[in-house]
Amino acid sequence: TAKTKPTVREAKALVQPIEKAASPTKKPDTGSKAMHPGQGTAVREQSTTVNDAVDIDRVYQASMTAGHSLLERGRVRQARERFQRAVEVKPSRPEPLASLAWCAIDSKEYSKAIEYFERALKVRQQYSDAMFGLGYIYEKQGRRGRAVQAFEDYLKIHPNGSKARMIRARLEELSPE
């Protein structure tokens, strides 16, 4: 089955805490198929694992979609909450960490932005958005040498990346004549 991105309305609904699903009042699905003794538990556990994985993917995607929508509308605090939720459900993804960094930049929390970009790079060492973001934030802080190094690192790994042309222009302005 092809994965589709949820609509903003679906994203908002999915981002609500999943505590309802873990509610002690919810009865486990015992299934209606006849099974051999001992077989039912394994099938239910496997089914639950698959359903949990699908739920995690949907919550992650919904959180990211809602977060980007909120950030575009200037609702940084709410966007940060959605990106944090995405980090919670998929800590091995760099995208929500980089998105949290951009939220920190919007809030002028530059040292926090650097922390998030560095965390994203620990998750995926060559993640282009985090590499670019570090250069951007260092330049914004007036740390010219660090900005140049971060931009050059980006170009070494992503010479034809989506931000390569812009970075080359920035490097021309940052480099001493």
Side-chain angles (χ1 to χ4, degrees), residues 1-29 44-141 150-151 154 157-158 161-167 170:
T1 59
K3 290 185 181 180
T4 59
K5 286 188 176 183
T7 64
V8 173
R9 180 172 291 169
E10 290 171 328
K12 288 178 183 175
L14 288 170
V15 173
Q16 300 303 317
I18 339 178
E19 293 158 0
K20 292 177 187 174
S23 168
T25 59
K26 184 176 179 184
K27 294 180 182 176
D29 179 18
R44 281 191 302 275
E45 286 175 5
Q46 182 180 21
S47 174
T48 301
T49 303
V50 169
N51 289 337
D52 289 348
V54 170
D55 286 346
I56 287 171
D57 287 343
R58 290 193 75 199
V59 168
Y60 172 81
Q61 189 59 49
S63 298
M64 292 299 291
T65 300
H68 287 296
S69 176
L70 289 163
L71 190 57
E72 287 172 6
R73 291 180 290 161
R75 297 173 65 188
V76 178
R77 184 184 58 77
Q78 293 95 337
R80 183 179 289 136
E81 291 170 2
R82 298 315 191 279
F83 294 135
Q84 190 60 50
R85 178 75 175 131
V87 170
E88 290 169 7
V89 296
K90 288 205 173 188
S92 62
R93 298 292 299 262
E95 295 88 349
L97 292 165
S99 296
L100 283 166
W102 292 110
C103 287
I105 289 170
D106 280 359
S107 300
K108 298 188 181 356
E109 298 175 273
Y110 302 133
S111 60
K112 191 171 224 50
I114 290 170
E115 289 175 27
Y116 281 125
F117 283 134
E118 288 175 345
R119 281 180 59 193
L121 288 170
K122 285 180 183 171
V123 170
R124 188 178 305 151
Q125 203 170 36
Q126 299 178 352
Y127 184 55
S128 63
D129 193 41
M131 296 177 81
F132 168 76
L134 279 175
Y136 174 84
I137 197 66
Y138 289 141
E139 182 180 1
K140 195 155 189 67
Q141 289 181 320
F151 286 147
Y154 176 100
I157 296 167
H158 307 285
S162 62
K163 296 184 175 52
R165 184 181 302 185
M166 177 177 40
I167 288 174
R170 297 299 323 130

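Positions are given from 1 along the sequence. Fair warning: this is a prediction, and the values are worked out from it, not measured in the lab.
Other residues, nucleotides and ligands place no more than 12 heavy atoms under 6.0 Å from the CZ atom of R119. Summarising the local packing, CD of E88 is surrounded by more than 12 heavy atoms from other residues, nucleotides or ligands at distances under 6.0 Å.
The side-chain heavy atoms of Y116 and K112, taken from C-beta on, include a pair separated by under 4.5 Å. Using a 4.5 Å cut-off on side-chain heavy atoms (C-beta onward), F151 and E139 make contact. Looking only at side-chain heavy atoms (C-beta outward), M64 and P96 come within less than 4.5 Å of each other. Two residues are said to be in side-chain contact when any heavy atoms from C-beta on lie closer than 4.5 Å; L71 and F83 meet this criterion. Two residues are said to be in side-chain contact when any heavy atoms from C-beta on lie closer than 4.5 Å; L134 and L121 meet this criterion.
Side-chain contact annotation: R82 with S99, donor-acceptor N/O pair under 3.5 Å absent.
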Evaluate the salt bridge (Lys or Arg N to Asp or Glu O under 4.0 Å) criterion for residues R124 and E95: first the C-alpha distance (whole Å), next the side-chain angles of each, then the deciding distance (0.1 Å), finally the verdict. CA-CA 10 Å; R124 188 178 305 151; E95 295 88 349; 3.8 Å; yes
Determine, step by step, whether D55 and Y60 satisfy the side-chain contact (heavy atoms from CB on, under 4.5 Å) criterion, reporting the C-alpha distance in whole Å, the side-chain angles of both residues, the deciding distance to 0.1 Å, and the verdict. CA-CA 8 Å; D55 286 346; Y60 172 81; over 6 Å; no
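Checked by atom type and distance alone, the side chain of Y110 never pairs as donor or acceptor with a backbone atom of K140 at under 3.5 Å. Looking only at distances, a side-chain donor or acceptor of H158 sits under 3.5 Å from a matching main-chain atom of Q126.
The two residues I56 and V89 make their nearest non-hydrogen contact at CG2-O, 3.5 Å. For the residue pair A98 and A120, the shortest heavy atom distance occurs at N-CB, 4.2 Å. The minimum heavy-atom distance linking P91 with V123 is given by the pair O-CG2, 3.9 Å.
Atom CZ of R75 is separated from atom SG of C103 by 12.5 Å, given to the nearest 0.5 angstrom. Here the CG-CZ distance, from L100 to R80, works out to 7.5 Å after rounding to the nearest 0.5 Å. To the nearest 0.5 Å, atom CZ of residue F132 and atom CG of residue D129 are 8.0 Å apart. The CD atom of E72 sits 6.0 Å away from the OG atom of S69 when rounded to the nearest 0.5 Å. Going from atom OH of Y154 over to atom NZ of K163 covers 6.0 Å, rounded to the nearest 0.5 Å.
Using the six-membered ring where Trp is involved, W102 and Y136 have ring planes that are tilted, between 30° and 60° apart.
In summary, R77 and E81 engage in a salt bridge, as defined by a charged side-chain N under 4.0 Å from a carboxylate O.
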